[in-house]
Amino acid sequence: MGIHNLAKLIADQAPAAIKEGEMANYFGRKIAIDASMSIYQFLIAVRQNGENLTNDSGETTSHLMGMFYRTIRMIENGIKPVYVFDGKPPQLKSKELEKRLERRTEAEAEKTKAADAGDGEAFDKFARRTVKVTREHNDDCKRLLTLMGVPYVDAPTEAEAQCAALVKQGKVYGVGTEDMDALTFGADVLVRHLTFSETRKMPIREYSLTKALQGLGINFEEFTDLCILLGCDYCDSIKGIGQKRALDLIKQHRNIETILKNIDKKKYAVPDDWAYEQARQLFKVPEILPADATDLKWTEPDEDGLVSYMVKEKGFS
DNA sequence: ACTCTGTCTCAAGACGGT
DNA sequence: TGTTCTTGAGACAGAGT
DNA sequence: ACAGTCC
């Protein structure tokens with residue numbers, strides 16, 4: 001879920017942090033991309049008659065289709081993408097993940113119901129909600145990327161954290177994602193809608209963390225606490241505190257501890273065993289690979305290998 | 001009046017030919 | 001051994017400040 | 001711009 005309403009808050013309170021970009025700005029730039037999230041989107045979107053695309057053996061190919069063409073399109077436009085795959089989610093995220101699993105299970109039941117009723121429309125809808133990225137999807141895409149000469153990184157935990165680390169280490173220009181928590185992890189540049197398809201309708205939008213901090217009038221530590229107050233994947237937030245009050249409180253008190261000492265707890269109920277300190281640590285010192293552990297090399301594609309894999313193994317034409 | 005919450009919905013990619 | 005995550009936006013009603 | 005197709 002990223003950070004609740006952070007995009008809106010920046011748009012309202014620090015508009016100078018957002019730049020509407022042209023794709024020419026990105027020629028020659030290296031960009032880190034959350035691979036698992038991309039795969040997820042492809043699995044949901046690339047469908048025909050309610051089902052994913054498959055080869056003759058029944059293996060899903062939607063993710064390869066999406067990743068193949070999108071990556072080609074980026075390279076054609078001079079972008080050097082590096083894909084980052086998720087590792088094990090942090091313990092603190094388990095509550096959130098449970099919730100998501102529950103929703104999937106629910107959708108699974110609805111899907112079956114729709115199938116029995118012969119309702120294709122509903123089947124399609126619920127089928128999309130049951131999508132889950134598997135080990136095989138990830139491995140397929142890693143194989144594809146290797147053949148294409150595009151590097152990838154296996155993150156120890158959160159892909160967004162590793163993407164941000166690559167920016168901080170100066171290995172890439174920015175993170176290409178829709179997920180605003182890349183900023184919370186400290187990426188200075190976040191690029192949204194970085195897709196070059198003909199059907200794109202959203203302009204490329206670049207967020208600068210430095211300018212966002214200037215515009216909001218807070219420092220990075222305060223920004224982290226602000227994000228926790230807005231609502232992140234790692235812990236609850238305080239009911240009744242949204243974008244406006246969260247920013248006001250941070251500006252007034254500068255950190256969550258001081259806010260807790262000063263707010264009326266009868267009006268604003270603080271969650272039990274609120275894990276904000278642990279969440280703060282995850283954002284501040286996420287588990288990431290050191291700079292010398294990632295070697296990003298873009299090479300010529302292995303054309304014979306690509307044909308062999310995509311055509312012979314996966315049934316592309 | 002303003003702000004936030006909660007809950008609901010929906011839609012989601014990329015290509016080439018027309 | 002069991003192995004992997006969605007998200008964002010918009011609309012609307014309702015309650016608290 | 002749009003509808004059909006990709007596998």
Side-chain angles (χ1 to χ4, degrees), chain A residues 1-9 11-12 34-49 51-74 76 85-90 93-104 107 121 124-140 154-155 157-160 177-181 192-193 195-202 229-231 233-234 237-248 263-264 266-269 310-311 313-317:
Chain A
M1 279 192 74
I3 307 298
H4 195 244
N5 275 332
L6 178 56
K8 196 186 261 178
L9 184 143
D12 292 346
D34 180 337
S36 309
M37 176 142 300
S38 310
I39 294 170
Y40 181 80
Q41 287 170 345
F42 293 134
L43 289 175
I44 282 184
V46 185
R47 288 172 170 268
Q48 186 81 335
N49 306 321
E51 309 278 0
N52 282 122
L53 305 181
T54 60
N55 64 10
D56 291 340
S57 347
E59 297 171 310
T60 299
T61 51
S62 297
H63 55 307
L64 291 170
M65 177 71 99
M67 180 155 284
F68 185 57
Y69 285 112
R70 183 181 284 180
T71 304
I72 286 176
R73 188 54 88 114
M74 283 195 274
E76 275 174 353
F85 290 82
D86 268 323
K88 291 190 176 69
K93 204 176 183 175
S94 52
K95 247 185 257 161
E96 175 68 23
L97 297 184
E98 255 170 58
K99 255 189 249 167
R100 293 177 188 174
L101 173 65
E102 202 169 311
R103 278 196 206 134
R104 264 207 322 276
E121 191 100 347
D124 195 11
K125 185 165 99 183
F126 290 115
R128 287 172 201 261
R129 290 190 201 170
T130 65
V131 163
K132 143 181 95 172
V133 177
T134 67
R135 174 64 174 276
E136 280 67 41
H137 295 136
N138 283 335
D139 286 349
D140 285 348
D154 281 310
T157 63
E158 300 275 51
E160 293 293 349
T177 181
E178 303 311 306
D179 205 335
M180 296 298 289
D181 57 13
R192 288 181 126 184
H193 316 135
T195 167
F196 297 90
S197 100
E198 297 301 325
T199 59
R200 75 182 191 276
K201 36 186 190 288
M202 304 289 269
L229 286 174
L230 290 176
D233 287 347
Y234 302 134
S237 54
I238 303 174
K239 290 200 197 318
I241 310 272
Q243 319 159 45
K244 294 285 195 304
R245 288 198 250 266
L247 182 58
D248 289 346
I263 56 165
D264 182 346
K266 280 180 211 126
K267 278 185 210 160
Y268 302 108
M310 294 295 271
V311 179
E313 278 186 54
K314 295 297 181 182
F316 280 67
S317 58

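Naming: A, B, ... by sequence-line order, numbering from 1 per chain.
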>> Output the pairing pattern of DNA chain C as a dot-bracket string, 5' first, Watson-Crick or G-U wobble with both distances under 3.5 Å, | for cross-strand pairs, [ ] for crossing pairs.
In response: ......|||||||||||
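- One P atom belongs to B:dC15, the other to C:dT4, and the distance between them is 30 Å to the nearest Å.
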N/O contacts under 3.5 Å, protein versus nucleotides 4-7 of chain D?
| from | atom 1 | to | atom 2 | distance (Å) |
| --- | --- | --- | --- | --- |
| D:dC6 | N4 | A:Gln48 | OE1 | 3.4 |
| D:dC7 | OP1 | A:Ser317 | N | 3.2 |
| D:dC7 | OP1 | A:Ser317 | OG | 3.3 |
| D:dC7 | OP2 | A:Ser317 | OG | 3.2 |
| D:dC7 | O3' | A:Thr61 | OG1 | 3.1 |
| D:dC7 | O3' | A:Lys314 | O | 3.0 |
| D:dC7 | O2 | A:Thr54 | N | 2.7 |
| D:dC7 | O2 | A:Thr54 | O | 3.1 |

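- As rounded to the nearest Å, C:dG10 and B:dA12 have P atoms that lie 15 Å from one another.
- B:dA11 and D:dA3: their P atoms are spaced 14 Å apart (whole Å).
- Counting any heavy atom pair closer than 4.0 Å across all strands shown, A:Lys267 reaches sugar-phosphate atoms only and no base atom.
- Where A:Pro89 and A:Lys8 each meet DNA chain C at their nearest nucleotide, the meeting point lying more 5' is that of A:Pro89.
- C:dT3 and B:dG17 have their P atoms separated by 44 Å, with the value rounded to a whole Å.
- Residue A:Gly242 is the one, among A:Gly242 and A:Gly66, whose nearest nucleotide of DNA chain B lies closer to the 5' end (criterion: closest heavy atom).
- Of the possible donor and acceptor atoms, one in the side chain of A:Ser62 sits under 3.5 Å from a partner among the backbone N and O of A:Leu53.
- Between B:dA14 and A:Thr195, a contact under 4.0 Å exists linking OP1 or OP2 to a side-chain N or O.
- The partner of B:dC15 is D:dG4, by the rule that a Watson-Crick or G-U pair needs both atom distances under 3.5 Å.
- Nucleic acid contact for A:Ile241: sugar-phosphate only, since backbone atoms but no base atoms lie under 4.0 Å from a heavy atom of the residue.
- Taken to the nearest 0.5 Å, the CD1 atom of A:Ile39 stands 12.0 Å off from the OG1 atom of A:Thr60.
- Along DNA chain C, the nucleotide nearest to A:Met180 and the one nearest to A:Arg135 differ in position, and the one closer to the 5' end is contacted by A:Arg135.
- If you take atom P in B:dC10 and the same atom in D:dC6, they sit 28 Å apart, rounded to whole Å.
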